[in-house]
Amino acid sequence: MTANGAPTGLTQGSTTRGGIGESTLRPDGVLKVTGEFAYASDMWHEDMLWGQILRSTVAHAEIVSIDTSEALATAGVYAVMTYDDLPTDVRHYGLEIRDTPVLAHGKVRHHGEPVAIVAADHPETARRAAAKIRVEYRELPLVTDEASATAPDAVLVHEHRTDHHSGHVPHPNIVHRQPIVRGDADAAAGRADVIVEGDYCFGMQDQAFLGPESGLAVPGEDGGVDLYIATQWLHSDLRQIAPVLGLPEDKVRMTLSGVGGAFGGREDLSMQIHACLLALRTGKPVKIVYNRFESFFGHVHRHPARLHYEHGATRDGRLTHVKCRIVLDGGAYASASPAVVGNAASLSVGPYVCEDVDIEALALYSNNPPCGAMRGFGAVQACFAYEAQMDKVAAELGLDPVEFRRINAMEQGTLMPTGQRVDSPAPVAELLRRVKAMPMPPERQWESSEGADVRQLPGGLSNTTHGEGVVRGVGYAVGIKNVGFSEGFDDYSTARVRLEVAGGRPVVTVHTAMAEVGQGGVTVHAQIARTELGVAEVTIRPADTQVGSAGSTSASRQTYVTGGAVRNACELVREKVLEIGRRRLGPYHPAWATAELLLEGGKVVTDGGEVLADLVDVLEDEVVEVEEEWRHRPTEPFDPRTGQGNGHVQYSFAAHRAVVEVDTELGLVKVIELACAQDVGKALNPLSVVGQIQGGTVQGLGIAVMEEIVVDPVTAKVRNPSFTDYLLPTILDTPALPVDVLELADDHAPYGLRGVGEAPTLSSTPAVLAAIRDATGLALDRTPVRPEHLTGTAADQDPPGGARNVTPSAPPGALTKSHTARGT
């Protein structure tokens, strides 16, 4: 600036690198690859104790007595607590329904339920002390399926729910029920030329994050507590924790620690309350870290489901009606089951046009493990079934399965079964066209001049086959997923943005409570700040409860909602900066008053690119800080009787093509390729977008062919709580994952973006199953597919299914059943 304060050196401006649309790298990427990143399990305090949880060994039982005397007498033990030792009358918590006891009281409702907690000076001491607690159980009858849950004389999992036995919840063991009725499905069935029915079974999947649950609670001098925790929703945790501790929320200070994956499994509380209780009881910091075995009991899982579908279609390939019934097993406690039911019901027809629907979805209480949020959130189970149905109907009509889908594909303006109009791009047909047009992988890619590479064969390094009996199959699927919280939930986020001069240059600090669980928010938030404020140096503060809520890192919502909050706060900061500039420098250049002004490259520029001033000169020693909430468009609850309502704010779409090779003699499957085409609205960080699509695709692959928590049907005990017996796809199981990203902006969303993370998990599973069916000719109506399902030796594999067809000789509307499509 000149001596009199006028700006000097007016030039053409330049854009700031690292903004929206660029593939900037993660700030934590190198640390995670090299093993230097600090996860929650790495936290340490010099005088901390170790916490341990005693869990029930039975699934449903009355607690006759608990004897903690031997544990308390153990050297090094500082505290042992049971339900009777809790400090307040608030002793239950829950995401939506406060039905989960902090520690079991009176009875246990599932295998592995927390019964007592111990704090000791060494983790092994804590473990041994917990083992000395004597609990006498009197086992009770089990509720394990719909029949035992809804029988007239059924045992009640929650006795207090007798007051819910009315309206659209017809039985106390039903957590939530959502019907959706539109048009007249029965009348439409009379217009169908083909009707196909199917029964489907979807297994219980674990989120299987690699970083186990961990937290460190440190008692404060003010009587409060500081909790460092790996979670998905700090403020939801806070809302549930504080009442149990008897503390105001401002005395429970929470900071996000390093999260080693989540996928919905950290949306519920795990050890948060237990660590805080022990810290406040002992006056010392307490750390709790689950081992892998305990982790399987310490978080919710994906709901297993049984689904019955009926699709009708005309000879020219138009759907006439869809009927379905979806029964989700929610396990012992509600968790997110009500919202999962809403998603499963409202998305149960898939991305297709159908005027006449009759849908019922419900979730049960049972004595099986609690189930809640997992990537895809109810839509995954529905997609598996309706996509199998679409293949079966196409086969009955003699149509190409992709063409049949394209005939019925929804588009912008389509009415959902809930009556909601899709008011943004819905490129379902285009995604199918794109994924089908992608180059096919070469035939027999496992062969070479030196012989077969066994890693490319079904069975891999087990060396069970050298190609004999191996056949190839190709399958397609497409899915629809909502984005953001739905059904009238006040879905908002908060961002605090600060702009100041530090070290002679402008610096931006972004502070939100967003849980970074691997989705890339820490990268995108910096990109938004660079784009909106034109400042290269952006610091992302650790997430904590000292700033307003950001909501959960789930529902593919964080880039949309917290990204929207960051953009909103940045816009307000920019306006304040320009106000300062107009006040200080406006008299020296008329463009301050007449031009559209932007911040780019650390400067104030006109929309024509003329530089008016450096930000350093505008701000001097002034600090501009804004904290604001931001909300997306409101939604509304679904009608409890008809399911009608504008329940969702946005929809996302993905299509997959799977190529598999199957050893039909041994029942082994090798997925050769999983190609995906997905509309993302706007790729804020293209590299992260592709990573999210590929990650979601692999999780769908897992539930297709290997992942399932096995619960003993007689005892309701988990039989495989380890990565030895719960199988996950490794790098050798992961196929080529080509991705075609389509960007059709949603005008209602920040930057036109569309939530990305969940949609690929929907369609990848049914695509793999479709490919295996194509290779084997088997119905395969359950997931995951096991070798015995492919070799005909599975005890639970029902006969292959078929369809009901209207024959030319039958009167109009009459149906003759050839056989009914059934799965397990």
Novice: Would you say V497 and L533 make side-chain contact, with heavy atoms under 4.5 Å?
Specialist: yes
Novice: Sequence neighbours left out, what pairs pass side chain to side chain donor-acceptor pair (under 3.5 Å) with at least one residue falling in residues 538-548?
Specialist: H511-D544
Novice: Quick one: do K481 and E758 make a salt bridge, cutoff under 4.0 Å?
Specialist: yes
Novice: Taking T635 for its side chain and G488 for its backbone only, find out whether a donor-acceptor pair lies under 3.5 Å.
Specialist: yes
Novice: Please evaluate residues R292 and E294 with respect to the criterion salt bridge (Lys or Arg N to Asp or Glu O under 4.0 Å), reporting the C-alpha separation (whole Å), side-chain torsions for both, the decisive distance (0.1 Å), and the verdict.
Specialist: CA-CA 5 Å; R292 183 57 58 189; E294 189 172 17; over 6 Å; no
Novice: Measure from the side-chain N and O atoms of E571 to the backbone N and O of A569, and report whether any donor-acceptor pair falls under 3.5 Å.
Specialist: no
Novice: Below 4.5 Å, heavy atoms only, C-beta onward: do S335 and C371 meet side chain to side chain?
Specialist: no
Novice: Looking only at heavy atoms, which two atoms of A119 and L49 are closest? And how far apart?
Specialist: CB-CD1, 4.2 Å
Novice: Search all heavy atoms of A336 against all heavy atoms of A373 and return the closest pair with its distance.
Specialist: CB-N, 4.1 Å
Novice: For a quick test of reading the model, state the closest non-hydrogen atom pair linking P285 to H45 and the distance between them.
Specialist: CG-ND1, 3.5 Å
Novice: Decide if the gap between the ring center of F209 and the ring center of F263 is smaller than 6.0 angstrom.
Specialist: no
Novice: Decide whether T553 and Q558 meet the rule of one side-chain donor and one side-chain acceptor closer than 3.5 Å.
Specialist: yes
Novice: With a cut-off of under 6.0 Å to the ring centre and 45° to the axis, is R109 in cation-pi contact with Y333?
Specialist: no
Novice: Minimum heavy-atom separation for P338 to I97, with atom names?
Specialist: CG-CD1, 4.3 Å
Novice: Would you check if the side chain of S337 reaches a backbone N or O of A334 as a donor-acceptor pair within less than 3.5 Å?
Specialist: yes
Novice: Is any side-chain N of the basic residue among E249 and K251 closer than 4.0 Å to the acidic one's carboxylate O?
Specialist: no
Novice: State, without any angle test, whether S295 and E213 hold a side-chain donor-acceptor pair at a distance under 3.5 Å.
Specialist: yes
Novice: Ignoring hydrogens and geometry, is there a side-chain-to-backbone donor-acceptor pair from T559 to V524 under 3.5 Å?
Specialist: no
Novice: Is the ring centre of W233 less than 6.0 Å from the ring centre of F485?
Specialist: yes
Novice: Using atom types as modelled and distance alone, determine if a side-chain donor or acceptor of Q207 lies under 3.5 Å from a backbone N or O of V300.
Specialist: yes
Novice: So, T82 versus D84: side-chain donor-acceptor pair below 3.5 Å or not?
Specialist: no
Novice: Do V756 and Y560 touch side chain to side chain, with heavy atoms closer than 4.5 Å?
Specialist: no
Novice: Indicate whether the side chain of D237 and that of H235 have a donor and an acceptor atom separated by less than 3.5 Å.
Specialist: no
Novice: Answer yes or no: is there an ion pair linking R134 with E136, defined by an N-O contact shorter than 4.0 Å?
Specialist: no
Novice: Is it true that H60 and K107 share a donor-acceptor pair across their side chains at a distance under 3.5 Å?
Specialist: yes
Novice: With a 3.5 Å distance limit and no angle check, can you tell me whether Q232 reaches the backbone of G264 through a side-chain donor-acceptor pair?
Specialist: yes
Novice: Is it the case that the side chain of E516 and the backbone of G521 share a donor-acceptor pair, with hydrogens and angles ignored and the cut-off at 3.5 Å?
Specialist: yes
Novice: How close do R55 and G112 get, counting heavy atoms only, and between which atoms?
Specialist: NH1-O, 2.9 Å
Novice: Look at the aromatic rings of F293 and F297 and report parallel, tilted or perpendicular, splitting at 30° and 60°.
Specialist: tilted
Novice: Is R253 paired with D222 through a side-chain N to carboxylate O contact shorter than 4.0 Å?
Specialist: yes
Novice: Going by atom types alone, do E70 and T74 pair a side-chain donor with an acceptor below 3.5 Å?
Specialist: no
Novice: Check R631, R557, R633 against D491 for a salt bridge (Lys or Arg N to Asp or Glu O under 4.0 Å) and give me the one that passes.
Specialist: R557
Novice: Name all pairs fulfilling the side chain to side chain donor-acceptor pair (under 3.5 Å) condition that reach into residues 86-106, sequence neighbours left out, sorted by first residue then second.
Specialist: D99-Y365
Novice: Compute whether any side-chain donor of one residue and acceptor of the other, for S554 and E267, lie under 3.5 angstrom apart.
Specialist: yes
Novice: Report yes or no: does R128 contribute a side-chain atom to a donor-acceptor pair with the main-chain N or O of P123 at less than 3.5 Å?
Specialist: no
Novice: With a 3.5 Å distance limit and no angle check, can you tell me whether R127 reaches the backbone of H122 through a side-chain donor-acceptor pair?
Specialist: no
Novice: Answer yes if the side chains of S214 and S41 hold a donor-acceptor pair under 3.5 Å, and no otherwise.
Specialist: no
Novice: Kindly give the heavy-atom pair with the smallest separation between H111 and V718, and that separation in Å.
Specialist: ND1-N, 3.1 Å
Novice: Is a donor from one side chain sitting under 3.5 angstrom from an acceptor on the other, for S270 and H299?
Specialist: no
Novice: Are L256 and V259 side-chain neighbours, meaning at least one heavy-atom pair lies under 4.5 Å?
Specialist: yes
Novice: Within the distance-only criterion (no hydrogens, no angle test), does the side chain of N367 pair as donor or acceptor with the backbone N or O of V143 below 3.5 angstrom?
Specialist: yes
Novice: Looking only at the side chains, is there a donor atom on one of H303 and D329 sitting less than 3.5 Å from an acceptor on the other?
Specialist: no
